[in-house]
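Worksheet: the structure to be examined is printed underneath.
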2 protein chains.
Amino acid sequence: MSDKRDEILDVAEGLIRTSGFNGFSTRDVADVVGIKAASVHYHFPTKADIGVAVTERYTDRFIEALGDPDRFEDARSALTLYVDSFRRALVRDRKLCLCAVLGAEIGGLPTEVGEHTRIFFERNIEWLGRALIASSGVSPARAKADAAHILAALEGALIVSMSLGDRSVFDTVGKRLISLAG
Amino acid sequence: MSDKRDEILDVAEGLIRTSGFNGFSTRDVADVVGIKAASVHYHFPTKADIGVAVTERYTDRFIEALGDPDRFEDARSALTLYVDSFRRALVRDRKLCLCAVLGAEIGGLPTEVGEHTRIFFERNIEWLGRALIASSGVSPARAKADAAHILAALEGALIVSMSLGDRSVFDTVGKRLISLAG
DNA sequence: GTCTATAACGAGATAGAC
DNA sequence: GTCTATCTCGTTATAGAC
């Protein structure tokens, strides 16, 4: 059983991924969890603390679920896995990637939350770069450029797909990114 | 000279592109324009009205600035122009595309604002599709898939570039999209 | 760890004077 | 077309009882 702290983070993550950091209130979270807003502040003194905790947890889980980037035999299987981890956000959760949302409103976030959003992108580029180097032997510079391209295209594809209510936009982008790898 | 109505839209657009629709208030707009919040409501009864007007104007200007999609001799010149129109958002304005921001928080927007965000994406896919068909003779289905891919990659590249404070991410993506066209 | 109560503030919006 | 004044409500956050 997850304790209340985790429950608060679960609900806050869902709300941010739907409406943005400035689109939810501590009371919104409290209502879903079934406690009062004041009790939320017992676990997280400020709203920014919630934002930081949600983003750290999201990033850790995301990278951990990807597993060891050095294990892939070919770039195609690495990319298939990577694309699918974004696809799950859309299909399973019917939500965007947390950091696509936070990155879009980065100028209006508490500094620490913006900082952790940046770390999500950096860790993703690092994971993807390593996976590409290990599986296809490209140069580090090329791997980093490829990684940034793939990450950006997937985040954008989530946003456009969700806005149009058309999952095929994401799937088209995903397939092309995979086929570019060979 | 732009009247107050346009000034309000200018300021609101800038604030949304920095902090999101839920990240600014009518008073924020009023302060920059140099009037009171009540006077903003004279021009736009509700905040949603501001959002709709900003998005409609943004979309019209964006598509109009692209010009006739049927005029291109080759896909490369069409794409160079298109990529550059997104690059300007980042380099000249130091902001994201309005609809990258709105699309990311689409679940937390007034319905009409979300609707106009969708229209921005649709009109962009239509423009790009026509430009690709005219310049390289691809099939309508292929053109639409290409268009969605290009649009999504550019929107995502803006977000990742801005979050990382690294313009080269956008430029890398832009160059690759252009070179994919031949 | 959760509650009630409350503070202190900002939000969206309206009425009516000028 | 802009102002002051006001309303109502939501927001973040704290104090202190249970």
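In what follows, chains carry the letters A, B, and so on, assigned in the order in which the sequence lines appear, proteins first and then strands, with residues in each chain numbered from 1.
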Take B:Phe121 and B:Trp127 through the test ring-ring contact (aromatic ring centres under 6.0 Å, His included) and record every step on the way to the result.
CA-CA 10 Å; B:Phe121 292 133; B:Trp127 187 95; over 10 Å; no
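The interatomic distance linking B:Arg27 (CZ) with C:dA13 (P) rounds to 14 Å, in whole Å. The separation between B:Asp28 atom CG and C:dA13 atom P is 14 Å, rounded to whole Å.
Contact footprint of chain A on DNA chain D: nucleotides with an atom under 4.0 Å from a non-hydrogen protein atom, first to last in 5' to 3' order, D:dT11 to D:dT14.
Dashed line: the shortest gap from a side-chain N or O of B:Ser25 to OP1 or OP2 of C:dA11 is under 4.0 Å.
Residue A:Phe44 is out of contact with every strand shown, counting any heavy-atom pair closer than 4.0 Å.
Ring centers of B:Phe62 and B:Phe86: under 6.0 Å apart, within the cut-off.
Annotation: the span from A:Arg176 atom CZ to B:His149 atom NE2 amounts to 6.5 Å, rounded to 0.5 Å. We find the CG-CZ distance between A:Leu66 and A:Arg123 to be 10.0 Å, quoted to the nearest 0.5 Å.
Taking the ring axis of B:Tyr42 as reference, the NZ or CZ atom of B:Lys36 does not stay both within 45° of it and closer than 6.0 Å to the ring centre.
For the residue pair A:Ser168 / A:Asp171, no side-chain donor-acceptor distance below 3.5 Å is found, with atom types taken as modelled.
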